[in-house]
Amino acid sequence: MERLDGPPLTARRAGLVACTQCTRVQRPAKNCERCAAPLHAREYMGLQRVWAWLTVGLLLYIPANTYPMLLTSTLGSTSASTILGGVVELVQYGSYFIALIVFVASVAIPVMKFAVIAYLALSLKQMVPISAHQRLVLFEVVEFIGRWSMIDVFVVAILSALVQLGFVATVNPGPAAACFALSVVFTMLSAQSFDPRLIWDASEETPEK
Amino acid sequence: MSTPTQFDDAALRDLIACPRCDLLHRSHRVADGCVGRCKRCHTPLIMPRAQAIPRIIALSLTVLILLVGALYFPFLELNAGGFSNSASLLDAATAFNHGLLIPLSGAVAAFMVLLPAVRVASLVYALVPLLFHQPPARYSAYALRLANRLRPWAMAEIFIIGVVVALVKIVDLADVTPGPAFWAFSVMVIILVLNDTYMCRWTLWNALTARR
């Protein structure tokens with residue numbers, strides 16, 4: 001890669017638009033000349049979508065934690081466990097490592113995601129102490145890690161399909177599974193709606209004025 | 001604030017903008033196996049690999065074949081106290097089988113089987129004509145764009161980790177035997193991850209446009 005001569009020049013300042021799908025740089029138009037994806041110099045409206053998806057994701061995360069995730073019945077007695085309840089059970093059985101995986105995937109990552117996306121969205125309007133570089137790293141971490149929260153839903157799917165031994169033991173999914181899956185999907189959509197190029201615009205304008 | 005563009009059409013073709021920070025660069029060929037990064041935010045912009053197109057096609061076809069096997073054979077078998085139950089991949093997808101949970105079955109099936117399959121199939125569709133030096137097929141741009149967009153939603157690798165977590169959870173209570181489909185799916189996940197390392201959007205899109 002070779003930098004252009006002169007001060008750093010972005011596509012938008014040059015009066016050009018880069019397609020986010022196929023990377024072609026072109027003059028502004030409604031759709032990309034190569035792959036026909038909608039073209040935006042910046043996703044300004046995206047920020048509203050970020051907040052909208054994030055709010056729905058956050059709201060659904062509440063029933064995901066209060067309703068049971070797994071309904072287990074052994075020899076006629078049924079017990080229901082929530083996400084946190086499942087983690088506590090695993091700790092009591094001594095499976096610390098699996099408890100840690102489930103806790104990280106279902107509690108730590110989702111909570112961290114909500115906080116980081118909100119922080120990044122706010123940082124576009126407010127001065128924040130961390131640099132654009134660090135914010136881009138935060139964004140990429142959230143974008144990469146978000147989908148891994150789905151682990152817990154898959155665990156429930158496998159257990160419910162496998163543990164079907166009639167009276168002896170059965171495992172069935174609880175309503176929290178659907179809420180949790182939706183919460184993960186909406187948070188992923190929220191992260192995808194965020195346009196990281198906005199981070200750099202803010203950092204370019206502040207020192208000059 | 002935009003100034004009138006100072007680039008003519010030829011100069012425009014040489015430009016590449018960072019998708020993360022929008023900085024313009026003049027692109028030049030990067031050696032196979034090397035990575036051209038953004039000068040400001042270090043996002044990889046160009047990362048060509050030798051023989052990328054034939055390799056992507058070969059790996060994608062392998063994924064499709066393994067997926068058929070993974071759907072057909074038993075996935076896991078459970079034995080506990082004289083009782084046994086075997087589950088296929090589709091049983092896992094349709095585990096959410098009552099009431100409000102039914103739509104979740106569709107989503108799980110899509111995440112673990114359908115979307116990975118659609119992704120590799122559209123890659124094959126878009127790239128096979130290039131292998132035989134033919135002009136791209138109709139809608140090939142749409143297919144390549146679809147493959148790129150579906151990338152975060154194809155969760156086969158997350159599913160297999162979920163299976164491992166589930167197994168560790170019940171291994172003390174029952175005997176679980178992985179079936180042929182489990183191994184087919186695991187190999188498929190490794191190939192999918194390998195396939196993604198050959199995906200350089202800049203190179204693929206240039207290859208697709210060069211022949212039009």
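In what follows, chains carry the letters A, B, and so on, assigned in the order in which the sequence lines appear, proteins first and then strands, with residues in each chain numbered from 1. Quantities reported herein were computed from a predicted structural model and do not represent experimental measurements.
- No side-chain heavy atom of A:Leu162 sits under 4.5 Å from any side-chain heavy atom of B:Phe75.
- The distance from the CG atom of B:Leu173 to the OH atom of A:Tyr93 is 7.0 Å, given to the nearest 0.5 Å.
- Taking a cutoff of 4.0 Å between a charged side-chain nitrogen and a carboxylate oxygen, A:Arg147 and B:Glu157 qualify as a salt bridge.
- Contacts of A:Leu90 with chain B are made by side-chain atoms alone, with heavy-atom separations under 4.5 Å and no backbone atom involved.
- Using a 4.5 Å heavy-atom cutoff, the side chains of B:Leu12 and A:Arg27 are in contact.
- Remark: B:Asp22 engages A:Arg42 in a salt bridge, criterion side-chain N to carboxylate O under 4.0 Å.
- Looking only at distances, no side-chain donor or acceptor of A:Asp152 sits under 3.5 Å from a matching main-chain atom of B:Gly162.
- Between the side chain of B:Arg201 and the main chain of A:Cys22, no donor-acceptor pair closer than 3.5 Å is present.
- For the side-chain contact (heavy atoms from CB on, under 4.5 Å) with A:Phe154, the lone residue among B:Val108, B:Val163, B:Ile161 that qualifies is B:Val108.
- Interface check for chain B: of the options A:Leu136, A:Ile101, A:Val102, A:Val17, the most heavy-atom pairs under 4.5 Å are formed by A:Leu136.
- At a cut-off of 3.5 Å, with distance as the only test, a side-chain donor of A:Arg34 or B:Asn206 sits close to an acceptor on the other residue.
- Contact annotation for A:Phe139: only side-chain heavy atoms (C-beta onward) come within less than 4.5 Å of a heavy atom of chain B.
- For residues 176-186 of chain B, a heavy-atom distance under 4.5 Å to chain A picks out B:Val176, given by residue number.
- For chain B, the nearby part of A:Gln26 is the backbone; its heavy atoms alone come within less than 4.5 Å.
- Contacts with chain B were tallied for A:Gly166, A:Ala18, A:Gly146, A:Ala178; A:Ala178 has the most, counting heavy-atom pairs under 4.5 Å.
- With respect to A:Glu33 and B:Arg13, a salt bridge is recorded, a charged nitrogen being found less than 4.0 Å from a carboxylate O.
- Inter-residue side-chain proximity for A:Thr10 and B:Leu24 is flagged as unmet; no heavy-atom pair is nearer than 4.5 Å.
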